[in-house]
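Take a look at the structure set out below.
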Amino acid sequence: SNFIFPFAHAATFGTSFFLLYLAFITLHLFVKRRPGYYFLAFAFGLLASWTKIEFALSVTVTLITIFIVYGLPLWYLLY
């Protein structure tokens, strides 16, 4: 699963991208609901997913949970 970055670089980049994903999704949910924050979170989550498979699973599970619990509109996925 280390297609883009070899070994330790994937963990470093993946962790930083995942933390940025969590920061922007938290900002979107708890501070101000703006679609721009969600799209930045989604972009960083996608980047984290490209580094390691564990991050892909974490991003997928958190996004599904957020859509179920907070009821974000489905047009967020299509916008």
Side-chain angles (χ1 to χ4, degrees):
S1 66
N2 293 326
F3 298 118
I4 297 177
F5 302 110
F7 307 110
H9 298 295
T12 304
F13 287 125
T15 302
S16 59
F17 290 146
F18 189 73
L19 289 175
L20 285 168
Y21 160 74
L22 288 178
F24 278 107
I25 204 72
T26 303
L27 184 67
H28 173 73
L29 291 175
F30 299 117
V31 177
K32 191 157 207 149
R33 284 208 176 198
R34 290 188 179 168
Y37 293 146
Y38 176 75
F39 293 122
L40 280 173
F42 186 77
F44 284 122
L46 188 63
L47 287 172
S49 299
W50 283 344
T51 58
K52 294 190 79 61
I53 195 73
E54 295 87 4
F55 291 122
L57 180 66
S58 299
V59 168
T60 304
V61 168
T62 56
L63 282 178
I64 290 172
T65 305
I66 287 168
F67 269 93
I68 291 171
V69 172
Y70 290 99
L72 294 178
L74 289 178
W75 65 269
Y76 272 24
L77 295 175
L78 304 172
Y79 184 66

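Taking CH2 of W50 as the reference point, atom CZ of F13 lies at 14.5 Å (rounded to 0.5 Å). Note that CZ of R34 and CZ of F39 are 14.0 Å apart. Values are rounded to the nearest 0.5 Å. From L27, atom CG reaches atom CZ of R33 across 12.0 Å, with rounding to the nearest 0.5 Å.
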Which donor-acceptor pairs under 3.5 Å do side chains of residues 40-48 form with protein atoms, sequence neighbours excluded?
none

N/O donor-acceptor pairs under 3.5 Å from side chains in residues 19-26, not counting sequence neighbours:
| residue | atom | partner | partner atom | Å |
| --- | --- | --- | --- | --- |
| Y21 | OH | T62 | OG1 | 2.5 |
| T26 | OG1 | L22 | O | 2.6 |

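The hydrophobic cluster containing L57 also includes V61, under a criterion of side-chain heavy atoms closer than 4.5 Å among ILVMFWY residues, counted directly or through chains of members.
For the pair Y38/L63, a side-chain contact is recorded, criterion being any heavy-atom separation below 4.5 Å from C-beta on.
In this view, Y37 satisfies the ring-ring contact (aromatic ring centres under 6.0 Å, His included) rule with no residue, not counting sequence neighbours. Considering only residues two or more places apart in sequence or on other chains, S49 meets the side chain to side chain contact (heavy atoms under 4.5 Å, CB included) condition with A56, V59.
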